[in-house]
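In what follows, a single structure is set out as structure tokens and then discussed.
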Amino acid sequence: MDEPINIAKQQGESLDQLGDLAAFAESPVFSALLKGSACQRSSELERCVEALGLRHHIEGDLLRLTTPPTELDITWLRGQLGAGAKIHYDRVVDSTNRIAMEGSLTGTSCFIAEFQLGGRGRSGRKWISPYGDNLSLSVAMVVDCSVASLGGLSLAIGFGMVEAFRAQKVEGIYLKWPNDVLLSGKKTAGILIEVDPVTAHRTKVVVGVGVNIGSFPHVDVIGQQATRIGLASTLSRETIALATIRAIERSAKRFVLQGLSPIVERWREVDAYQSQEVDLLIGEDRVSGTNVGINHAGHLLIETTSGLEEFSMGDVSLRPSVGESE
Ligand code: ATP
């Protein structure tokens with residue numbers, strides 16, 4: 001299915017629905033729908049199915065999912081990861097990052113859900129994805145670094161994910177600074193890192209990742225063009241989950257040992273806008289220039305009419321240049 005899904009615009013704005021949806025996802029009716037059965041239609045059923053972003057159709061008094069999603073094979077994933085990482089799996093959560101931030105940690109833990117009602121993006125933005133089609137996961141770990149020294153980690157993770165997808169022969173994958181994964185120039189994965197100091201030199205890190213695999217939201221809903229990995233690859237959701245978790249672990253370890261040095265050298269290999277004209281959106285302001293790359297702090301370097309300028313992440317969004325007209 002190459003059409004964007006028509007998921008509710010308000011996803012994430014009604015977290016009071018969480019208990020209802022979580023209970024619905026555990027109900028026999030939902031299990032029957034996932035098996036392809038038709039169920040007695042009711043306004044409550046339609047409301048839940050729509051809130052989960054599931055395509056469905058009505059057959060008289062009955063409701064049936066148009067393409068019932070297949071749930072993740074967590075047993076396989078646990079087997080592949082072995083004792084190295086603990087997996088917590090839920091059908092419906094508010095946010096995998098929120099759960100991952102809670103509680104204490106021993107080793108690496110992965111929190112995976114089929115659906116997030118309030119998937120988090122940067123600066124309070126939302127990650128929107130329907131039930132079961134894609135990947136929503138967070139990896140929690142404790143690293144021997146201060147919070148202040150983790151500034152470039154999100155670039156390192158984005159770089160590692162691009163490497164991992166390319167290693168799986170997904171063509172056309174690039175990175176948009178700081179860490180959006182693009183396929184054919186459209187957003188296919190987002191990364192949100194949250195941190196919590198354990199001591200002055202130890203920090204709990206949660207890396208949340210959303211990957212579009214089977215579907216993606218309409219541009220009207222998210223305000224930018226998106227796409228899905230499934231258009232460039234037949235990899236299963238489980239294989240992509242495994243590659244993603246391993247990439248996060250590997251990239252975090254590499255960052256703790258070497259910082260951004262290995263990445264700065266190779267940034268041009270992954271940079272979606274290398275040497276291109278770009279716009280940097282900073283609140284209401286826009287800075288235009290040529291994208292030059294990054295420095296060792298992970299700051300973006302733009303050659304503007306005033307000379308070379310560097311920008312730290314903050315609430316800054318990079319876009320291809322729209323020229324003088326806008
Ligand atoms: P940018 O740097 O482009 O401004 P961001 O890095 O701030 O983006 P994220 O925090 O990674 O954005 O993710 C939130 C944003 O991603 C949303 O504001 C929305 O535009 C977009 N988005 C939400 N859901 C999806 C999705 N499933 N696929 C692609 N993009 C999405």
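Every value quoted in this text rests on a predicted model; they were computed, and no experiment measured them. We count ligands from 1, going down the list as the structure has it; atoms in each ligand are counted the same way.
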Could you tell me which non-hydrogen atom of [X] sits nearest to which non-hydrogen atom of [Y], and how far apart they are?
{"X": "L77", "Y": "E238", "answer": "CD1-O, 3.6 Å"}
{"X": "W127", "Y": "A189", "answer": "CH2-C, 3.9 Å"}
{"X": "D133", "Y": "S215", "answer": "OD2-OG, 2.8 Å"}

Polar side chain donor-acceptor pair, N212 to T188, under 3.5 angstrom: no
Can you list, pair by pair, the side-chain donor-acceptor contacts under 3.5 Å of residues 300-308, counting residues two or more places apart and other chains?
| from | atom 1 | to | atom 2 | distance (Å) |
| --- | --- | --- | --- | --- |
| T304 | OG1 | S306 | N | 3.1 |
| T304 | OG1 | G307 | O | 2.9 |
| T304 | OG1 | E309 | OE2 | 2.9 |

Name the residues in contact with ligand 1, where contact means a heavy atom under 4.0 Å away: which are they? G121, R122, R125, K126, W127, I128, K176, D180, K187, N212, P217, I222, Q224, A226, S317, R319
Electrostatic pair R266-E163, nearest N-O below 4.0 angstrom: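 So R266 pairs with E163 through a salt bridge.
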